[in-house]
Amino acid sequence: MPELPEVESVLRALTDLDPSFPGRRVREVRILRPSAVDGPVEQFVKELTGAVFHEILRHGKYLFFRFTAHCATSSRWMVLHLRMTGRLFLVQANHAVQRHTRFYLLLEDELALRFDDPRAFGRVWLVDSPKEVTGRLGPDALAIGHDGFLRQLAQQNRQLKLLLLDQSFVAGIGNIYADELLFRAGLHPLRVSGSLNHNERERLFSSMHEVLTQAVQAKGANIDGVFEAGSFPVAVYKRNGQPCRNCSSMIHKERIAGRGTHYCPACQPAV
DNA sequence: CACTCTACCTGTGCGC
DNA sequence: TGCGCACAGGTAGAGT
């Protein structure tokens, strides 16, 4: 499930694989699954055909592609959310379409930007400004600094698991990294944010920052039995029934805030 | 106002 | 072996 580190890796892969990606012109747009596009499909195709990409940004789990349409002066943005199983990548234009390919953009130099998504939760939008999307989001979880995070935290009094998953608190953390950073911080997912002492608040920020930074460096998470491109080793996610790497206690799983939540009962005491 | 539930999807892995 | 079904999860929107 792509969260901040995985989405950041997608962005870096695009620009590393193809340093001239910003600057490329779209020759053709093919939509295989119209429901992947928010809004009228014809307009999506029409606007992007002949458009030129200028830059790619990320905020939370969203990617923003700035482009200028073929005979327009002002910029427009293609916004993408991978949701659960979406994958965005560059391929050769003749690369065979897969069963789950939802759409692709044929670019110059026989390249194609392709979106595959088995679960079909992923979506793409065209908007005038990223703010139309990021306006509902909190600060990016990796861009936010120590002081900004503590300010955000001071305004809340909610269960930590719920808080971390709330994209309007900070954007980019999903179920995997919420569990991972709470483990690193030694905080139980049901602890209420308002009850944290100074030291615990500091640990929450530093753990969030370290986990996300290291996961970006590792190009995403490595989860046993689940296909993920990255090599960040998870300590608790899907490790229920296995020994904690700190203390050998059994990793526990329960449903919190409607999500499968994994933690070490010894390292993350309830009170 | 704050929380919970459901829809959206389909591959996986279980029990029978 | 094969069938049916619960489950996984991010987000929006509806419901309590």
### Query
Has A/Y237 got a side-chain N or O lying under 4.0 Å from the OP1 or OP2 atom of C/dA8?
no
#### Entry: Separation of B/dA7 C1' from A/M84 CE (nearest whole Å)
14 Å
### Message
Of the listed nucleotides (C/dA8, B/dC9, C/dG9), which one gets closest to any side-chain atom of A/R255?
### Response
C/dA8
### Message
Just N and O in the side chain of A/R33: are any of them under 4.0 Å from OP1 or OP2 of B/dT10?
### Response
yes
### Message
If we ignore hydrogens and angles and just use 3.5 Å, is the side chain of A/D179 paired with the main-chain N or O of A/H262 as donor and acceptor?
### Response
yes
#### Entry: Nearest-angstrom distance from the residue atom CG of A/N240 to P of C/dA8
10 Å
### Query
Are A/K253 and C/dA8 close enough that a side-chain N or O sits under 4.0 Å from OP1 or OP2?
yes
### Task
Specify the separation, in whole Å, of atom CG of A/D116 and atom P of B/dT10.
14 Å
### Message
B/dC9, OP1 or OP2 - any side-chain N/O from A/H100 closer than 4.0 Å?
### Response
no
### Query
Atom NZ of A/K238 and atom C1' of C/dA8: how far apart are they, to the nearest Å?
7 Å
### Message
By the definition side-chain contact (heavy atoms from CB on, under 4.5 Å), identify the one residue from A/H59, A/H81, A/R12, A/K61 that meets it with A/V7.
### Response
A/K61
### Query
Can you check whether A/D128's main-chain N or O pairs, donor with acceptor, with A/E132's side chain at less than 3.5 Å?
yes
### Task
Ignoring hydrogens and angles, tell me if any N or O in the side chain of A/T68 forms a donor-acceptor pair with the backbone of A/S75 under 3.5 Å.
no
### Task
Would you kindly give the CZ-to-P distance between A/F115 and B/dC9, to the nearest whole Å?
13 Å
### Query
B/dC3 P sits how many Å from A/K161 NZ, rounded?
17 Å
### Task
Output yes when a side-chain donor or acceptor of A/R123 lies under 3.5 Å from a complementary backbone atom of A/F121, and no otherwise.
yes
### Query
Whole Å only: how far is the CG atom of A/D166 from the C1' atom of C/dG10?
12 Å
### Task
Report the distance from atom CG of A/D117 to atom C1' of B/dC9, rounded to the nearest whole Å.
9 Å
### Stepwise side-chain hydrogen bond (donor to acceptor under 3.5 Å, both in side chains) check, A/Y177 with A/E6
CA-CA 11 Å; A/Y177 292 104; A/E6 287 77 17; 2.8 Å; yes
### Message
At 4.0 Å (heavy atoms only), tell me whether A/G260 reaches a base, stays on the sugar-phosphate, or touches nothing.
### Response
sugar-phosphate
### Pairing of A/R33 and A/D117 as salt bridge, 4.0 angstrom limit
no
### Query
With distance as the sole criterion, do the side chain of A/R119 and the base of C/dA8 form a donor-acceptor contact below 3.5 Å?
yes
### Task
Assign a letter to each nucleotide of nucleotides 11-16 of chain C from its 5' end: B, base within under 4.0 Å of a protein heavy atom; S, sugar-phosphate only; -, no contact.
BS----
